[in-house]
Amino acid sequence: MSPALVNLLYLAAAVLFIVSLKMMTHPRTASNGNLVGALGMLLAVVVTLFDKRIVSFEVIIAGLIAGSLFGAVVAWRAPMTAMPQLVAVFNGLGGGASALAVGASLEETFSNAAVKTVSLQLSLSAAAAALVGAVTLTGSFVAYAKLQGLIDERPVLLPARHLINGALAAGCVALSYWLVVSPDSALAFWLLIAASGVLGVLVVIPIGGADMPVVISLLNCYSGIAAAAYGWVLNNNALIIAGSLVGAAGFILTAIMSKAMNRSLTNIMFAGLGTVAAGAAESDKVYAGRVKSTSPDEAAILLSAARKVVVVPGYGMAVAQAQFGVHDLMKKLEERGVDVQFAIHPVAGRMPGHMNVLLADAGIPYDKLKEMDEINPMFRQVDVVLVIGANDVVNPLARQNDPSVPIAGMPILDVDQARSVIIVKRSLSPGFAGIPNPLFAADNALMLFADANKAVLDILTALKEQ
Amino acid sequence: MSPALVNLLYLAAAVLFIVSLKMMTHPRTASNGNLVGALGMLLAVVVTLFDKRIVSFEVIIAGLIAGSLFGAVVAWRAPMTAMPQLVAVFNGLGGGASALAVGASLEETFSNAAVKTVSLQLSLSAAAAALVGAVTLTGSFVAYAKLQGLIDERPVLLPARHLINGALAAGCVALSYWLVVSPDSALAFWLLIAASGVLGVLVVIPIGGADMPVVISLLNCYSGIAAAAYGWVLNNNALIIAGSLVGAAGFILTAIMSKAMNRSLTNIMFAGLGTVAAGAAESDKVYAGRVKSTSPDEAAILLSAARKVVVVPGYGMAVAQAQFGVHDLMKKLEERGVDVQFAIHPVAGRMPGHMNVLLADAGIPYDKLKEMDEINPMFRQVDVVLVIGANDVVNPLARQNDPSVPIAGMPILDVDQARSVIIVKRSLSPGFAGIPNPLFAADNALMLFADANKAVLDILTALKEQ
Amino acid sequence: MEESVAALTAFVLALFVGYEVITKVPPLLHTPLMSGANAISGITLVGTLITAGMKLTLLTTILGFLAVAMATANVVGGFLITHRMLQKFHRK
Amino acid sequence: MEESVAALTAFVLALFVGYEVITKVPPLLHTPLMSGANAISGITLVGTLITAGMKLTLLTTILGFLAVAMATANVVGGFLITHRMLQKFHRK
Ligand SMILES: NC(=O)c1ccc[n+]([C@@H]2O[C@H](COP(=O)([O-])OP(=O)(O)OC[C@H]3O[C@@H](n4cnc5c(N)ncnc54)[C@H](OP(=O)(O)O)[C@@H]3O)[C@@H](O)[C@H]2O)c1
Ligand SMILES: NC(=O)c1ccc[n+]([C@@H]2O[C@H](COP(=O)([O-])OP(=O)(O)OC[C@H]3O[C@@H](n4cnc5c(N)ncnc54)[C@H](OP(=O)(O)O)[C@@H]3O)[C@@H](O)[C@H]2O)c1
């Protein structure tokens with residue numbers, strides 16, 4: 001194929017990626033949009049294989065088969081709840097791949113006896129790929145391990161960690177300099193890979209498990225930028241455009257998460273949040289004998305007497321895997337003529353859109369899932385709000401201007417305006433932000449202390465027996 | 001300057017254009033956005049002047065001065081109501097400029113004794129520039145003349161016009177072919193200019209004055225595409241990017257207008273609409289003695305007794321230049337504690353956003369101007385709606401599915417749901433669509449037959465005398 | 001050909017940008033948008049400058065002058081009327 | 001250098017496109033968006049193919065194989081989990 005035709009087809013692949021992302025803006029078209037993206041990728045791969053530059057196919061075919069098998073099996077078998085860590089793994093693999101590929105180019109250049117120097121473009125891109133690729137690889141795997149529960153998800157705060165990380169970063173810069181300025185062997189490259197790999201681990205270890213989605217999204221953003229830089233080296237528009245699209249996506253999702261949590265990126269990356277426990281004294285003051293608890297039977301009576309019920313799911317529903325029970329509960333209530341809707345806070349759970357995926361998995365139609373801005377004005381007309389494992393996203397303290405409250409200024413779901421609120425959680429212990437929640441002591445609030453899944457099933461049984 | 005630096009600066013100019021359009025998405029930033037666009041243009045011009053290719057500056061400086069003076073004087077002195085035709089004039093000049101520039105390149109090539117052939121790229125682009133440029137130039141000037149009232153704004157329907165236009169278009173194609181295939185003199189080019197110029201006149205003449213904004217917007221779209229094509233010849237990113245931005249803008253505005261009028265582009269371009277008069281019989285059936293008329297005094301009493309008043313401006317307000325009186329009326333009513341708002345239909349008037357510009361010109365703050373979707377649910381709570389020179393945009397016939405109604409399916413302002421409606425216009429004659437309006441015969445409607453400006457001033461006087 | 005593909009890339013991407021950005025402009029600002037876009041289309045001025053900058057015969061000099069003057073009128077007039085219009089928009 | 005400017009042009013324009021398009025994705029779909037974008041970032045596969053296609057020594061062969069396999073896993077796995085997730089979304 002002529003170079004112009006190749007480039008034209010790469011452009012077509014890039015346009016398919018854009019169309020794919022555009023189709024992601026609506027749930028009706030999103031699924032086909034993903035297929036369009038896959039088509040774009042297929043086109044890019046086929047064009048590359050037909051391009052003149054490829055002379056040997058054995059390694060490629062072996063790699064394609066091995067990678068496809070691994071990717072397909074892992075993606076097919078993973079449960080819906082493991083999505084964040086799965087994205088992390090695949091993203092890490094992608095980052096690692098570009099680092100290794102650049103390493104191979106470098107080794108090949110050095111193994112070629114005739115060539116004794118490396119072009120500036122290659123050495124520059126090698127340094128960038130080593131840095132970003134290795135950090136993405138190890139950082140993503142630490143994120144995976146934390147979310148999967150393989151290692152402690154709490155922040156691991158090494159003494160003098162800022163000092164160690166600073167020294168490592170300086171080392172990386174020095175190695176990159178060596179690689180770019182006097183590239184006489186691949187040693188600098190592999191040392192750089194090693195140093196960046198360690199740095200990736202050390203940077204992610206001190207971040208709490210709950211902040212992992214932000215980290216994953218940020219690493220996703222990096223790998224997009226890395227792909228674009230790689231495309232610059234290869235002068236390949238498909239890589240450049242796809243890379244910057246991904247970079248933008250990662251950046252925006254990171255920004256949305258930080259904004260919705262009302263924290264800066266610096267705070268997430270360096271503050272080691274997630275270790276603070278709420279002072280017992282403080283929570284005593286808030287709750288002090290004013291908390292009323294209830295039973296599944298009473299909850300069932302309240303719910304079946306209501307005309308309008310809104311369910312507010314939170315992280316606890318994900319932990320307890322209660323979404324299937326919630327689906328059955330919705331069906332049962334609807335059979336009795338109760339209007340059931342869901343209120344989804346933008347940062348409920350632990351990643352953007354977390355609750356939507358779980359509820360969709362359980363078969364709840366997406367037109368029942370209401371965004372915060374849409375449902376907040378309606379809570380006054382709601383008879384019963386059923387809060388399932390959510391805490392921070394319904395905490396009225398967020399409305400205060402007090403800077404000592406970590407979630408101050410974060411918009412919340414105004415469930416306290418409903419006639420009555422039933423809150424399902426196991427104890428009075430705080431949520432992600434580590435602060436007590438005055439809602440639990442409100443006049444119209446009833447606590448149902450139990451595991452979310454058990455509570456939902458018990459309510460369901462009670463409803464059936466009524 | 002090195003070519004790379006030049007291109008980098010052109011890219012910067014293009015980014016400024018994008019930022020400029022992005023800032024146009026909010027009235028708070030739009031004014032600065034326009035300045036950003038002008039800055040981008042300045043950058044592009046300065047970069048071009050410093051580029052090596054320019055050897056003689058006299059002609060350039062003379063042209064810059066002459067053009068600036070003309071543009072500034074015309075733009076500065078024109079009244080706000082003349083905006084559509086002004087845009088047409090400037091757009092036409094831009095189209096003509098690119099045609100002449102390409103013509104100059106062509107003449108220069110032929111005058112150069114050494115060169116006996118012209119590159120395919122130049123002859124192709126010359127044909128394109130001649131076609132688009134000349135059509136834009138003459139078409140825009142006809143649009144200007146129609147809107148300015150220099151020629152009859154009604155469609156001029158020549159006999160056999162489709163035949164004549166078809167023949168001319170075929171001639172243009174033949175001339176382009178000659179120009180591209182055997183470019184041995186500039187004669188083909190100038191003949192093509194002449195033919196396209198005539199075509200531009202003949203294509204626009206049969207379109208009614210009210211459809212002119214659509215035509216102007218379409219010509220704007222063309223001139224964007226022409227600029228992008230020109231950029232392809234010069235291999236200049238600033239032209240390519242700016243051109244496609246403008247092309248997209250023109251296309252979208254054209255689509256919005258056709259959609260809001262519920263007509264296809266083909267219908268607008270070829271149907272010669274605007275000649276139909278409503279059958280007298282039909283309107284008799286609709287109005288048949290059920291129309292109640294009122295006086296400025298009675299209107300003043302109704303308005304001052306209201307708590308909530310919504311003003312619906314239409315084309316008649318623009319014709320009568322009543323916006324300043326409307327502003328004073330709003331002030332007077334507000335002094336008396338009446339809540340006054342404005343309901344703006346997307347195609348009220350004769351160009352998109354027409355009413356907004358006029359009301360803003362009269363000093364009415366833009367947060368009082370409500371879009372259709374926002375205000376429609378609120379009409380039930382409105383005491384008095386004051387319709388000033390609007391007709392089609394409040395015609396309940398549009399709600400019917402009857403395909404013989406030209407505006408069937410067009411969304412309208414639901415003014416008939418308000419407690420009472422006062423309609424200011426000079427007679428029962430129809431609006432742009434040429435159909436009767438059952439609203440005028442509704443139980444809660446009162447007609448105030450007068451010129452819009454006179455009626456508003458009379459109401460104001462009556463209010464002051466109360 | 002390589003260059004043409006690069007040009008096409010810029011063209012296609014800019015169309016997407018244009019589409020996305022312009023569909024976000026509210027109806028309130030459609031008239032200024034129309035005239036602002038028209039001013040930006042005056043970018044052909046850059047092309048006319050290059051042409052006029054290489055004057056040779058009397059004919060091309062005249063053509064170049066006219067082209068520059070017309071394009072400049074488009075640019076200056078376009079930005080100016082847009083500016084005048086937007087100056088009128090203000091909150092209470 | 002010319003080429004680099006063209007690359008930069010594509011990069012900048014694609015950033016604008018990405019920003020405009022992605023800010024329109026509703027929160028409902030943020031998780032699939034994240035994993036879909038990750039799948040697209042597997043475009044580095046194209047780069048690894050070019051590298052692996054010129055095998056020379058044993059070391060570069062191994063590296064090339066690993067790179068292709070890892071990038072393929074990213075692409076295949078990424079699109080597949082996105083597909084599985086999106087299959088779950090449906091109206092009543
Ligand atoms: N979505 C995102 O993108 C994202 C990303 C990072 C961080 N965050 C943060 O995560 C928080 C999300 O708020 P949220 O309201 O969803 O959750 P939350 O505030 O973290 O509260 C979760 C609650 O669920 C309860 N819970 C845990 N396991 C349970 C089980 N098995 N059964 C029943 N209840 C259980 C816990 O109380 P008990 O222990 O008493 O049961 C806890 O109070 C916000 O602070 C947000 O800023 C969100
Ligand atoms: N905005 C756009 O982009 C655009 C573009 C092209 C076409 N259009 C079309 O234009 C129409 C706009 O609707 P519209 O309701 O604004 O206007 P309209 O339906 O055209 O009605 C205007 C009314 O104003 C009255 N009028 C004219 N001069 C007047 C004066 N001096 N004083 C008082 N009244 C006067 C006329 O009645 P009298 O003669 O009885 O006074 C006429 O009924 C729609 O059909 C739309 O599709 C809009």
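Quick note on labels: first sequence line is chain A, next is B, and so on, each numbered from 1. What you see below is based on every heavy atom in this structure, not just the backbone, and it leaves out hydrogens, waters and symmetry mates.
When heavy atoms are compared at a cutoff of 4.5 Å, D:L15 approaches chain A by way of both its backbone and its side chain. In this structure, the portions of A:E107 lying under 4.5 Å from any heavy atom of chain D include both its backbone and its side chain. A:L35 touches chain D through its side chain: at least one heavy atom from C-beta onward sits under 4.5 Å away, while N, CA, C and O do not. Contact annotation for A:L239: both backbone and side-chain heavy atoms come within less than 4.5 Å of a heavy atom of chain D. With a 4.5 Å cut-off on non-hydrogen atoms, A:A228 touches chain D through its side chain but not through its backbone. For chain D, no part of A:L219 is nearby; none of its heavy atoms comes within less than 4.5 Å. Heavy atoms closer than 4.5 Å to chain D are found in the side chain of A:N236, but not in its backbone. Heavy atoms of A:V74 lying under 4.5 Å from chain D are absent altogether. Contact of A:T48 with chain D is made through the side chain alone, with heavy-atom distances under 4.5 Å. Residue D:V75 touches chain A through its side chain alone, counting heavy-atom pairs closer than 4.5 Å. Contacts between A:L21 and chain D at a heavy-atom distance below 4.5 Å involve backbone atoms as well as side-chain atoms. Heavy atoms of A:M41 lying under 4.5 Å from chain D belong exclusively to its side chain. Contacts of D:A39 with chain A are made by backbone atoms alone, with heavy-atom separations under 4.5 Å and no side-chain atom involved. Heavy atoms closer than 4.5 Å to chain D are found nowhere in A:F57, neither backbone nor side chain. Heavy atoms closer than 4.5 Å to chain A are found in the side chain of D:L45, but not in its backbone. For A:L359, no part sits under 4.5 Å from any heavy atom of chain D, backbone or side chain. Both the backbone and the side chain of A:P27 come within contact range of chain D, judged by heavy atoms closer than 4.5 Å. Heavy atoms closer than 4.5 Å to chain D are found nowhere in A:I61, neither backbone nor side chain.
In this structure the side chain of D:M70 reaches within 4.5 angstrom of the side chain of A:L137, judged on heavy atoms. A:M83 places none of its side-chain heavy atoms less than 4.5 Å from the side chain of D:S35. The closest side-chain heavy-atom distance from A:N356 to D:F89 is below 4.5 Å.
When the candidates A:S20, A:G243, A:A78 are compared by the number of heavy-atom contacts under 4.5 Å with chain D, A:A78 comes out ahead. By number of non-hydrogen pairs under 4.5 angstrom with chain A, the leading residue of D:H83, D:Q87, D:K24, D:R84 is D:R84. Across A:G353, A:A248, A:A360, the residue that shares the most heavy-atom pairs under 4.5 angstrom with chain D is A:A360. Of the listed residues (D:G78, D:A14, D:G42), the one with the most heavy-atom contacts under 4.5 Å to chain A is D:A14. Chain D forms the most heavy-atom pairs under 4.5 Å with one residue out of A:A38, A:G363, A:A66, and that residue is A:A38. When A:V47, A:D361, A:L245 are compared by the number of non-hydrogen pairs under 4.5 Å with chain D, A:D361 comes out ahead. When the candidates D:L59, D:T44, D:L66, D:L8 are compared by the number of heavy-atom contacts under 4.5 Å with chain A, D:T44 comes out ahead. Most heavy-atom pairs under 4.5 Å with chain A: of the set D:P27, D:A71, D:G77, D:G18, this distinction falls to D:G77. Between chain D and the options A:A44, A:G63, A:G71, heavy-atom pairs under 4.5 Å are most frequent for A:G63. Chain A forms more heavy-atom pairs under 4.5 Å with one residue of D:I22, D:V25, D:V17, D:T31 than with any other, namely D:T31. Of the listed residues D:P32, D:G36, D:G47, the one with more heavy-atom pairs under 4.5 angstrom with chain A than any other is D:G47. Chosen from A:A30, A:P84, A:S223, A:S98, the residue pairing most often with chain D at heavy-atom distances under 4.5 Å is A:A30.
In this structure, CG on A:N34 lies 6.0 Å from CG on D:L86, to the nearest 0.5 angstrom. One distance of note links CG of A:L100 with CD1 of D:I62; it measures 11.5 Å at 0.5 Å rounding. Rounding to the nearest 0.5 Å places CD of D:E20 at 10.0 Å from NZ of A:K22. Rounded to the nearest 0.5 Å, atoms CG (D:L28) and CE (A:M24) are 12.0 Å apart. With rounding to the nearest 0.5 Å, the separation of CG in A:L64 from CG in D:L49 is 6.0 Å. Here OG of D:S41 is found 10.0 Å from CZ of A:F17. Values are rounded to the nearest 0.5 Å.
Looking at every heavy atom in both residues, D:A10 comes nearest to A:N237 through CB-OD1, 3.7 Å. Of all heavy-atom pairs between D:V68 and A:I60, the closest is CG1-O, 3.8 Å. Between A:S217 and D:M34, the closest heavy-atom pair is N-CE, 4.0 Å. D:A73 approaches A:F70 most closely through the heavy-atom pair CB-CD2, 3.8 Å. A:A104 approaches D:G64 most closely through the heavy-atom pair CB-N, 4.5 Å. Contact between A:I252 and D:T23 at its shortest, heavy atoms only, is CD1-CG2, 3.9 Å.
Using a distance-only test at 3.5 Å, with no hydrogens or angles considered, no donor-acceptor pair links the side chain of D:N38 to the main chain of A:N220.
Dense packing is recorded around CZ of A:F342, with more than 12 heavy atoms of other residues, nucleotides or ligands lying under 6.0 Å away. Counting non-hydrogen atoms of other residues, nucleotides and ligands closer than 6.0 Å to CZ of A:F251 gives a total of 12 or fewer.
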